[in-house]
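Please read the structure below before turning to the comments.
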There are 2 protein chains.
Amino acid sequence: MTGSPTTPRGRRDRPAKPALTRGGIVAAAVAVLRAEGLEKVTMRRLAQELDTGPASLYVYVRNTAELHAAVLDELLGTIAAGSAQGSPRERLEQVLTAYTTMLLEHPSLARSALTARPSGPHYLNLIESLLGLLDEVGVAPAQAAWGVDLLLQFATATAAEHAGRETSSPAAGGEEWDALAHALHGASDRTHPHIAALTGPLLSGTPGERLSWGVRALINGIERTSVPD
Amino acid sequence: MTGSPTTPRGRRDRPAKPALTRGGIVAAAVAVLRAEGLEKVTMRRLAQELDTGPASLYVYVRNTAELHAAVLDELLGTIAAGSAQGSPRERLEQVLTAYTTMLLEHPSLARSALTARPSGPHYLNLIESLLGLLDEVGVAPAQAAWGVDLLLQFATATAAEHAGRETSSPAAGGEEWDALAHALHGASDRTHPHIAALTGPLLSGTPGERLSWGVRALINGIERTSVPD
DNA sequence: ACCTGAACACCGTTCAAGT
DNA sequence: ACCTGAACACCGTTCAAGT
């Protein structure tokens, strides 16, 4: 009654320990990410979650960075690139915004994606979509090829910038004066005339406005800048 | 003979332990960075270097991230923004290339700069230079203000991407096939026609060519894309 | 008031030894 | 052949207790 002859039985009727697989490890990692953030997605914690020792994970995953990249590719599956509407430029902006928005839910994942790029099926689909849209916009193929990198780097870096202040306090008052904003305000107009003249614009805009402007500036630049040779 | 009455004497005539200051901590951090890389610039290691306990450093530095930002500002002092030559566009490209080149010597510092932006005097000088050059190029002030952010983010992210493979092997053969390159080559032209058609361009270019093209594309986009309101 | 020893609560990765 | 316990070599940060 307690455990079958073919399954190792633990104390009582513990749910059968599933065989370790790469997919199982990544799935557990996604679950921990959603519940507690990337900081908790560690080899030791995952091993605990999967009822084994950390050393066992290294059979399926080269290191922590590779694991994080696999997690990101998994999350990429949740953004629907097909649902964008409007002109090619608008759809391009929508796809990049969706990608950035997803990353903004896990800025520390964006941070690690900058170093350990994903290369899974969902990332490939994203690149394919972007190349298709750039083609529709009329960007020359060679420029589109280099441009995709620029666009993805921008989106990833924009999200990564928010890592660290992830678990920030709910801002006791409203505006959180960061160190750079403070330094810009303090710049003397004798030594730093341009900063002094532009303090407002330097700090203006919501994150959404900045993102949208950045994407448009990038597309405008990409279509007008030819690659060497 | 061993120690003066006003200095605490250790065993033998150990060099007098200098008083702890923020500047001293940052200087020690820069020395360790140069000698052994950012991975070794830890609170514990610095405390050891300064002959005290890690807790003492927290009197002068809020946390590790803030320390890394201070280190970057210090290094920024070594890039001479004034030595650029040529047209404003060329000088702009030179300043950004110098900044990126410096960061590429310490990619992990770039990585942390993305999250904990520096805000020291040298960073302010860099922003001032860039605003001045954008003005000379003829970029509208409001666009220049948002553009500086884009340019610095691009330079920083470009360097940050190289973190991790910092202590990579000297490439046993020549080209190091990373996972993404491999995935792009493997893409089917039925499911990913654009990738299949552009595999060459997607992977072409030296890092230097990519950087230079990126800076030019960014400037072209910034000058042509007006900010909202 | 200022400083810090010691502790708390963790990490990634390796490898010798088991099955 | 495959898997893993235990160890190695570290971390950041806090706080009670000292001077």
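Convention: sequence-line order gives letters A, B, ...; per-chain numbering from 1. Computed from heavy atoms alone, side chains included, the values below leave out hydrogens, waters and symmetry copies. The shown structure was predicted, so the numbers you read here are calculated from the model rather than taken from an experiment.
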Quiz item: What's the shortest heavy-atom distance between B:Leu57 and B:Met43, and which atoms?
Solution: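 Answer, listing the atom of B:Leu57 first, then B:Met43: CD1-O, 3.3 Å.
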Which one, [options], comes nearest to the side chain of [X]?
{"X": "A:Arg45", "options": "C:dC11, D:dT13, C:dT4", "result": "C:dC11"}
{"X": "B:Ala55", "options": "C:dC11, D:dG12, C:dT4", "result": "C:dT4"}
{"X": "A:Arg44", "options": "D:dG12, C:dT13, C:dT4", "result": "C:dT13"}

Hey, is the side chain of [X] poking within less than 4.0 Å of OP1 or OP2 on [N], counting only N and O atoms?
{"X": "A:Thr64", "N": "C:dC11", "result": "no"}
{"X": "B:Tyr60", "N": "C:dC3", "result": "yes"}
{"X": "B:Thr52", "N": "C:dT4", "result": "yes"}

[X] has an atom [atom1]; how far is it from atom [atom2] of [N], in whole Å?
{"X": "B:Asp51", "N": "C:dG5", "atom1": "CG", "atom2": "P", "answer": "9 Å"}
{"X": "A:Leu57", "N": "C:dT13", "atom1": "CG", "atom2": "C1'", "answer": "11 Å"}
{"X": "B:Tyr58", "N": "D:dG12", "atom1": "OH", "atom2": "P", "answer": "6 Å"}
{"X": "A:Lys40", "N": "C:dC11", "atom1": "NZ", "atom2": "C1'", "answer": "13 Å"}
{"X": "A:Ile25", "N": "D:dC3", "atom1": "CD1", "atom2": "P", "answer": "10 Å"}
{"X": "A:Leu38", "N": "C:dC10", "atom1": "CG", "atom2": "P", "answer": "16 Å"}
{"X": "B:Gln48", "N": "C:dT4", "atom1": "CD", "atom2": "C1'", "answer": "16 Å"}
{"X": "B:Met43", "N": "D:dT13", "atom1": "CE", "atom2": "P", "answer": "6 Å"}

Quiz item: Expressed as a whole number of Å, how far does the C1' atom of D:dC11 sit from that of C:dA6?
Solution: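 D:dC11 and C:dA6 have their C1' atoms separated by 16 Å.
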Practice problem: For C:dA1 versus D:dA16, give the span between their C1' atoms, rounded off to a whole number of Å. | Solution: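 16 Å, rounded to whole Å.
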Self-check item: Donor-acceptor contact below 3.5 Å, side chain B:Arg210 vs main chain B:Ser204
Solution: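 A pair under 3.5 Å: yes.
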Quiz prompt | Salt-bridge contact B:Glu49-B:Lys40 (side-chain N to carboxylate O under 4.0 Å) | solution =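 The answer is no: the pair does not qualify as a salt bridge.
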Practice problem: State the pairing partner of D:dG18; accept Watson-Crick or G-U wobble contacts with both distances under 3.5 Å, and report none otherwise. | Solution: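 For D:dG18, the partner nucleotide comes out as C:dC2, under the 3.5 Å rule.
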Quiz item: Should D:dA9 form a Watson-Crick or G-U wobble pair with both distances under 3.5 Å, which nucleotide is its partner?
Solution: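 No nucleotide pairs with D:dA9.
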Quiz prompt | Side-chain heavy atoms of B:Val148 within contact of A:Leu198, under 4.5 Å | solution =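 Answer no - side chains too far apart.
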Quiz item: Is there a side-chain contact between A:Val95 and A:Leu126, using heavy atoms and a 4.5 Å cut-off?
Solution: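 Yes - at least one pair of side-chain heavy atoms lies under 4.5 Å apart.
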